[in-house]
Each structure stands twice: as structure tokens, then as C-alpha cells.
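Below, each value reflects all heavy atoms present in this structure, side chains not excepted, and no hydrogens, waters or symmetry copies. Atoms within each ligand, like the ligands themselves, are counted from 1 in listed order. Here the structure is a predicted model, which is why all the values come from computation and not from measurement. Along the sequence shown, the residues carry numbers beginning at 1.
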Amino acid sequence: MLWPRLVRALVSRPLTDPAGAAPAETVAALGERLATTARARLGRSLAIREVDSGSCNGCELEVNALQNVAYDLERFGLRFVASPRHADVLLVTGPACRNMAEAMERALACTPEPRWVVAAGDCAVDGGVFKGSYAVHGGVGAVLPVDLLIPGCPPSPAQLLEGLLALLEAEAAPRQK
Ligand code: SF4
């Protein structure tokens with residue numbers, strides 16, 4: 001019967017915990033530094049193409065959070081783009097699934113130089129919970145040349161920002177191939 005369930009759902013308390021507040025000051029400080037560094041290194045804002053190589057979507061929730069009203073990273077010029085042809089960074093989440101290997105290589109080939117590859121999340125770092133599965137090669141590094149590893153399951157938006165900032169602030173020039 002639907003009605004008793006509906007009434008129970010309406011009168012019972014939510015089972016989920018209330019969301020914690022975003023660390024606004026930390027995010028604002030990191031976002032400002034990222035915008036300034038991107039302008040100094042690239043002469044413009046940073047463009048990111050997110051590639052899901054087989055994740056459970058937990059990492060995508062955190063990556064997407066960078067664009068929501070709490071973090072709103074576009075105010076600092078951080079942009080997620082729809083095509084690798086417009087990207088500076090390939091932000092790859094999930095283990096390197098065998099079925100995604102060719103798509104990953106094609107995405108890299110389409111990304112103009114200079115470019116960076118970032119492996120975000122424990123699965124992207126070394127296969128994570130999927131390590132040893134017949135369906136994966138391992139971490140993203142098994143398929144693509146990785147410039148930065150951001151561990152975490154999943155990494156928080158602030159950790160993703162810190163990683164991108166470290167990438168841009170690194171002494172080494174972006175990868176040229
Ligand atoms: S690191 Fe964790 S959240 Fe991200 S894809 Fe792997 S299991 Fe999912």
C-alpha cells in the first residue's frame with residue numbers, strides 16, 4: 001500500500017545528515033590564487049575537461065560541487081569545458097577501465113599543448129578499490145602520462161583546488177609532447 005508509506009515518509013525525520021557548510025574562506029583564498037596563477041602562466045583562466053574513466057561517480061559529485069552555488073568556482077575563472085580541444089587540463093576520475101583506454105588516449109590526443117593530466121581520486125591514482133580487477137588496467141597512469149595525483153576517496157573540492165593550484169605553481173613547464 002502506498003499511502004501508509006507516504007505518511008510515514010512525511011512524518012519521519014530524514015535519514016541523511018545535514019550537509020556541512022563549504023569552507024568558504026579557504027575556497028575563496030584558493031580560488032583567488034588559482035585565478036592569479038592561471039593568468040600568470042596561461043594569460044587567461046584555466047579550462048578543465050573532466051574525463052570519467054570508470055569511477056563510481058563519487059569523485060564526480062565532488063568535481064561537480066566545484067561548480068555549485070556553495071563553491072561557485074567560475075567566479076575565479078575556473079571553467080569546465082565540453083571538449084578536450086578547449087582544455088588545458090584533463091581531470092581524470094576512476095580507474096583506467098579497459099573499455100575506456102582508447103577513449104582516454106583519444107581525449108589526450110585532442111587536447112592542445114601545453115596540457116596537463118590530473119588523476120583525481122584513489123581509483124585514478126592506483127586503481128583504488130578496483131585494483132586487481134580484470135576490467136581495469138590500474139590507475140590512470142597505466143594509460144596516460146600523469147602530471148599530478150590527487151588522492152582521496154573521494155577528494156574534497158578543496159583538495160581538488162589545492163591540487164590544481166600546486167600544478168600551476170610548479171616550477172616545471174606544462175608537458176609538451
Ligand atoms: S576514489 Fe572513491 S569515490 Fe572516487 S571513483 Fe574511486 S571509489 Fe569512487
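Near Gly58, with a cut-off below 4.0 Å to any heavy atom, the atoms of ligand 1 are 3 (S). Proximity to Cys59 (heavy-atom distance under 4.0 Å) selects the following atoms of ligand 1: 1 (S), 3 (S), 4 (Fe), 5 (S). Numbered from 1 in the order shown, with element, the atoms of ligand 1 that lie under 4.0 Å from a heavy atom of Gly152 read 1 (S).
Note that CZ of Arg49 is 11.0 Å distant from NE2 of His86, once rounded to the nearest 0.5 Å.
Electrostatic pairing of Arg44 and Asp88 counts as a salt bridge here, judged by a charged N lying under 4.0 Å from a carboxylate O.
Protein heavy atom nearest atom 6 (Fe) of ligand 1, with residue, atom name and distance: Cys123 SG, 2.3 Å. Among all non-hydrogen protein atoms, the one lying nearest atom 5 (S) of ligand 1 is Ser55 CB, 3.3 Å. Scanning the protein for heavy atoms near atom 2 (Fe) of ligand 1, the closest one is Cys153 SG, 2.3 Å.
Around atom CZ of Arg85, no more than 12 heavy atoms belonging to other residues, nucleotides or ligands sit under 6.0 Å away.
Looking at heavy atoms from C-beta onward, Leu61 lies out of side-chain contact with Pro154 at the 4.5 angstrom threshold.
Judged by the shortest distance from any of its heavy atoms, Asp122 lies inside the 4.0 Å radius around the atoms of ligand 1.
Residue Cys56 counts as close to atom 8 (Fe) of ligand 1, with an N, O or S atom under 2.8 Å.
Using a 4.5 Å cut-off between side-chain heavy atoms of Ile, Leu, Val, Met, Phe, Trp and Tyr, with links allowed through other members, Ile48 and Val27 fall into the same hydrophobic cluster. Hydrophobic clustering keeps Phe130 apart from Val125 (ILVMFWY residues linked when any side-chain heavy atoms are closer than 4.5 Å, directly or through intermediates).
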